[in-house]
Amino acid sequence: MKRRMPRTFYTHPTLTVAKDLLGKFLVRRMPGGKVLAGKIVETEAYIGPQDRASHAFGGKRTPRNEAEYLIGGHVYIYLVYGMYWQFNISTGRQGSPECVLIRALEPDLNVKWKMQNVKFSNGPGKLCRWMKLDKSFYGEDLTKSRRLWLENRGVRVSRAQIVSGPRVGIDYAGAYFAARPWRFYLQGNPAVSKPH
DNA sequence: GTACAGATTGAG
DNA sequence: TCAATCTGTACT
């Protein structure tokens, strides 16, 4: 069974992809060969030029956010606050600057280890530290990469399990966009990041 | 050339 | 509640 998510998974509308990502697994082959995997339990959608919270608001295009414009399935990663990487996946068609921020993972480990490790992946900055994701992944194609990809492992997520709410840390975007319910997470999941 | 603020985190 | 830490971007 082929499990890696194909291009078409990422080219759907961004809000759809942000929800579809919940329950999928992010898989990272580490430099030493060890494989880390985590179930995506929290995402945020940034839907392009009209979204005041988006780095591409107003059609802004710079070397920093260039990867947002790639066809869905590419990595858009950047540094915030001088110390934390933020891992995003581009969505939509080529030239459309949309993406989904991956905010939290539930480590794919047995129950005992999962609870001990969840604190390493329950936030957008922390999960990048855990999986050693940095600028070297900028623009990486998740449908082809041998060190980072997404898998469907058969986890079923019903609509009732998905909670939506305002995105975190974007008050600068003004009342309207700060209030859009474009953050999605799995209800009751222990790996969802702190601010609820 | 220089100033500035951020899609966070963890300590106090 | 607040400092850490640094770079892309805007402006002089």
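Order of the sequence lines fixes the chain letters, A, B, ..., with proteins taken first and strands second; residue numbering starts at 1 for each chain.
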What donor-acceptor contacts under 3.5 angstrom involve side-chain atoms of residues 70-81 of chain A, with partners at least two apart or in another chain?
from, atom 1, to, atom 2, distance (Å)
A:His74, ND1, A:Ile71, O, 2.8
A:Tyr76, OH, A:His55, ND1, 2.6

Ring-face cation of A:Arg180 near A:Tyr176 (centre distance under 6.0 Å, axis angle within 45°):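 Here A:Arg180 passes the 6.0 Å and 45° test against A:Tyr176.
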
Show every donor-acceptor pair shorter than 3.5 Å between a side-chain atom in residues 117-126 of chain A and any protein atom, with sequence neighbours excluded, or say none if there are none.
from, atom 1, to, atom 2, distance (Å)
A:Asn117, ND2, A:Trp113, O, 2.9
A:Lys119, NZ, A:Gln116, O, 2.5
A:Ser121, OG, A:Leu105, O, 2.7
A:Asn122, OD1, A:Lys126, NZ, 2.7
A:Lys126, NZ, A:Lys119, O, 3.2

Over all atoms of both residues, closest heavy-atom pair of A:Ala104 and A:Ala191: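 Distance-wise, the nearest heavy atoms are CB-O, 3.3 Å.
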
Sugar-phosphate only, base, or nothing, as touched by A:Arg64 at under 4.0 Å among non-hydrogen atoms: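 The answer is sugar-phosphate, as A:Arg64 gets under 4.0 Å only of primed atoms, P, OP1 or OP2.
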
Touch class at under 4.0 angstrom, heavy-atom based, for A:Cys99 against every strand present: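 It contacts base atoms.
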
With [X] via salt bridge (Lys or Arg N to Asp or Glu O under 4.0 Å) - residues at least two apart:
{"X": "A:Arg61", "value": "A:Glu66"}
{"X": "A:Glu98", "value": "none"}
{"X": "A:Arg147", "value": "A:Glu140"}

Positions of residues 76-92 of chain A (non-hydrogen atom under 4.0 Å from DNA chain B), listed by number: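 Within residues 76-92 of chain A, the residues near DNA chain B are A:Tyr78, A:Tyr81, A:Gly82, A:Tyr84, A:Gln86, A:Asn88.
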
Sorted by number, the residues of residues 46-55 of chain A with heavy-atom contact under 4.0 Å to DNA chain B: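 Listed by number, they are A:Tyr46, A:Ala53, A:His55.
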
Between P of C:dT7 and CD of A:Glu66, the distance in whole Å: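 Atom-to-atom, A:Glu66 to C:dT7, this comes out as 21 Å.
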
A:Leu148 side chain reached by A:Phe87 side chain, heavy atoms, under 4.5 Å: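 The answer is yes; the side chains approach within 4.5 Å.
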
Donor-acceptor under 3.5 Å (A:Thr11 side chain, A:Thr8 main chain):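 Confirmed, A:Thr11 side chain pairs with A:Thr8 backbone.
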
Report all side-chain donor-acceptor pairs from residues 160-170 of chain A shorter than 3.5 Å, counting only partners two or more places apart or in another chain.
from, atom 1, to, atom 2, distance (Å)
A:Gln161, OE1, A:Ser158, N, 2.8
A:Gln161, OE1, A:Ser158, OG, 3.3
A:Arg167, NH1, A:Ala45, O, 2.9
A:Arg167, NH1, A:Asp51, OD2, 2.7
A:Arg167, NH2, A:Asp51, OD1, 3.1
A:Arg167, NH2, A:Phe177, O, 3.3

All pairs passing side-chain hydrogen bond (donor to acceptor under 3.5 Å, both in side chains) where residues 83-92 of chain A contributes a residue, at least two apart: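 Listed by first then second residue: A:Thr14-A:Thr91.
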
Stepwise side-chain contact (heavy atoms from CB on, under 4.5 Å) test for A:Phe9 and A:Asn152: CA-CA 11 Å; A:Phe9 174 79; A:Asn152 182 350; over 6 Å; no

Rounded distance in Å between the P positions of C:dT12 and B:dA5: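 One P to the other, the span is 14 Å.
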
When the side chains of residues 17-40 of chain A are checked against the rest of the protein, which donor-acceptor pairs come out under 3.5 Å, sequence neighbours left out?
from, atom 1, to, atom 2, distance (Å)
A:Lys24, NZ, A:Asp20, O, 3.0
A:Arg28, NE, A:Met131, O, 2.7
A:Arg28, NH2, A:Lys132, O, 3.1

Secondary structure of DNA chain C in dot-bracket form (Watson-Crick or G-U wobble, distances below 3.5 Å, | marking inter-strand pairs): ||||.||||||.

Outermost nucleotides of DNA chain B that come under 4.0 Å of a non-hydrogen atom of chain A: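 Endpoints of the contacted stretch of DNA chain B: B:dG6 to B:dG10.
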
